[in-house]
Amino acid sequence: MTHMDIELARGDITTWTVDAIVNAANHTLLGGGGVDGAIHRAGGRAILQECRLLRADRYADGLPTGEAVATTAGKLPAHWVIHTVGPTWAKTKDKSGLLRACYRNSLAVADEISATTIAFPLISAGVYRWPKEDAIVQALTTLRDTPTSVSTATLVLYDEATHRLAEQVAARLD
Ligand code: ADP
């Protein structure tokens, strides 16, 4: 097990050339809005077909929050898509353990499929309304603290403001 580099980048994760990109999916695994919709649109129907088989074989009730599972990546430049389901933000309930589980379990799946480069979106920080700054803290500290054979993890921020915020948070955590 070697040291994992953690990088920040701005852009569209569907264009990333890495072994695996992570999808902020929903329980159904059958597509949705945000990055999930973008991945299925860019990757084509092959991903959806594999997701349907996973539903039929292993996840009849859907993929539980915090868990992760891989499919191939269809027409995407990545080889794999690791689907994980983030928690929705709730003011009155601390679900950060589940958010951290998304990153940890995605790295565990990456190890199973021997993916050594992986790109993550900022899980839960879109439709699921997790405050961006805390989402970044949870992502970076979990990636830093999880033992893995992955060599490089890139956190891909979609817009410039979030990318700048991530640079600030990373500097603070250093
Ligand atoms: P969730 O349902 O987990 O909140 P979303 O897809 O709505 O997932 O949002 C998660 C994060 O992904 C948000 O910060 C959003 O801005 C970002 N995002 C949306 N599309 C893309 C994309 N194509 N590449 C990278 N990040 C994206």
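Residue indices begin at 1 and follow the sequence shown. Order of appearance sets the numbers: ligands from 1, and atoms from 1 within every ligand.
Between T71 and the choices Q49, E50, H83, the side-chain hydrogen bond (donor to acceptor under 3.5 Å, both in side chains) rule is met once, by H83.
Hydrophobic clustering (ILVMFWY, side-chain heavy atoms < 4.5 Å, transitive): V109 and L107 are in one cluster.
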Ligand 1: which protein N/O atoms lie under 3.5 Å from its N/O atoms?
residue	atom	partner	partner atom	Å
ligand 1	3 (O)	S124	N	2.9
ligand 1	4 (O)	S124	O	3.4
ligand 1	4 (O)	G126	N	2.9
ligand 1	4 (O)	V127	N	3.2
ligand 1	4 (O)	Y128	N	3.0
ligand 1	6 (O)	V35	N	2.8
ligand 1	7 (O)	V127	N	2.8
ligand 1	9 (O)	G126	N	3.3
ligand 1	23 (N)	D12	OD1	2.9
ligand 1	24 (N)	I13	N	3.0

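K95 and S124 form no side-chain donor-acceptor contact under 3.5 Å, judged by distance and modelled atom types alone. Judged by distance alone, the side chains of D159 and T162 do bring a donor and an acceptor atom under 3.5 Å apart.
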Problem set entry | Audit row: I21, I39, side-chain contact (heavy atoms from CB on, under 4.5 Å) steps and yes/no | CA-CA 9 Å; I21 65 168; I39 286 170; 3.9 Å; yes
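Judged as a side chain to side chain donor-acceptor pair (under 3.5 Å), and not counting sequence neighbours, K132 has no contacts.
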